[in-house]
Amino acid sequence: MTSDVIAVYPGTFDPMTLGHEDVVHRASQLFGQLIVAVAAGHHKKSLFTMQERIDMAREALKGYPQVSIEGFSGLVRDFVVSRGGKAMVRGVRAVTDFDYEFQLAGMNRHLMPEVETVFMTPSDKYQFISSTFVREIAVLGGEVHQFVSPSVQQRLVEKVRSLGRE
């Protein structure tokens, strides 16, 4: 482990899945401090508010003392630099993810050359899980317990109920 390196794992985490948790577990073994940066997600329509997503992440990741959760809006570059980040963790599940993430990493290298992007893959059993799929399954009344932690599942059930879509 590189105890003095701060890494940032940005995403919308709408909701946090077991795949996200797996990447956090792996990254927390490599870096002294990991900041899970919950993005406002200006480019996406979120099911959960930013505060709900932060709360879900805190609940799901409470067993990791070296992991902190913070919300941010604006450029991820500004957030990473302001926190002293030297690495940015990005989860990659498939070739389609890699193509997008590779382009993003190139752009980020121009915006913050002092920060390295680290691609991490989740365990095989989580590689097909996406927040988008989990949201869709939950909203349509399907079971999501195998894709998210119990606390996230409970929040999904409550959110779907509050939308009148149970």
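What you see is a predicted model; the values in this text were computed from it and never measured.
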> With side chain to side chain contact (heavy atoms under 4.5 Å, CB included) as the test, pick out the partner of I54 among T49, V36, I69.
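Of the listed options, the one satisfying the test is I69.
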> Would you compute the distance between atom CE of M120 and atom NE2 of H25 and round it to the nearest 0.5 angstrom?
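If I round to the nearest 0.5 Å, the distance is 9.5 Å.
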> Looking at CG of L75 and OG of S82, how far apart are the two atoms once the value is rounded to the nearest 0.5 Å?
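Answer for the CG-OG pair, L75 versus S82, is 11.5 Å.
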> Is there a side chain to side chain contact (heavy atoms under 4.5 Å, CB included) between V23 and V89 once you walk through the steps?
CA-CA 9 Å; V23 169; V89 174; 3.8 Å; yes
> Would a 4.5 Å heavy-atom cut-off, applied to side chains only, mark V134 and E136 as touching?
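No, every pair of side-chain atoms sits at 4.5 Å or beyond.
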> Mind checking whether P150 and H145 have side chains closer than 4.5 Å, heavy atoms only?
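No, side chains not in contact.
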> Between M88 and V118, is any pair of side-chain heavy atoms under 4.5 Å apart?
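Result no, sub-4.5 Å side-chain heavy-atom pair not found.
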> Rounded to the nearest 0.5 Å, what's the gap from CZ on R83 to CG on D78? Could you check?
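Taking CZ in R83 and CG in D78, the distance rounds to 10.5 Å.
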> Are the side chains of L47 and L163 in touch, meaning some heavy atoms are under 4.5 Å apart?
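L47 reaches L163 side chain to side chain.
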> Side chains of F13 and S131: closer than 4.5 Å at any heavy-atom pair?
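Result no, sub-4.5 Å side-chain heavy-atom pair not found.
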> Of all residues at least two apart in sequence or in a different chain, which pass the side-chain contact (heavy atoms from CB on, under 4.5 Å) check with S123?
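Only D22, R26, K125, Y126 meet the side-chain contact (heavy atoms from CB on, under 4.5 Å) criterion with S123.
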> Side chains of T12 and R53: does their closest heavy-atom pair fall under 4.5 Å?
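Result yes, sub-4.5 Å side-chain heavy-atom pair found.
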> May I have all residue pairs that pass side-chain hydrogen bond (donor to acceptor under 3.5 Å, both in side chains) and include part of residues 109-121, sequence neighbours excluded?
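Residue pairs with at least one partner in residues 109-121: there are none.
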> List the steps and the verdict of side chain to side chain contact (heavy atoms under 4.5 Å, CB included) for M16 and E59.
CA-CA 10 Å; M16 169 136 320; E59 289 168 14; over 6 Å; no
> Can you name the nearest heavy-atom pair linking R77 to L111, along with the distance?
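Smallest heavy-atom distance, with atoms named: NE-O, 2.9 Å.
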> Rounded to the nearest 0.5 Å, what's the gap from CG on D14 to OG on S130? Could you check?
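Going from the CG atom of D14 to the OG atom of S130 covers 11.0 Å.
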> Counting C-beta onward and ignoring hydrogens, is there a side-chain heavy-atom pair between Y9 and V24 closer than 4.5 Å?
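Yes, their side chains come closer than 4.5 Å.
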> Does some side-chain heavy atom of F79 sit less than 4.5 Å from a side-chain heavy atom of V8?
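Side chain of V8 against side chain of F79, heavy atoms only: contact under 4.5 Å found.
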> So does F128 have more than 12 non-hydrogen atoms from other groups sitting under 6.0 Å from CZ?
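Counting neighbours around CZ of F128, more than 12 heavy atoms of other residues, nucleotides or ligands fall under 6.0 Å, so yes.
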> Tell me who clusters with L104, hydrophobic residues only, linked when side chains sit under 4.5 Å apart either directly or through other members.
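Result for L104 is Y100.
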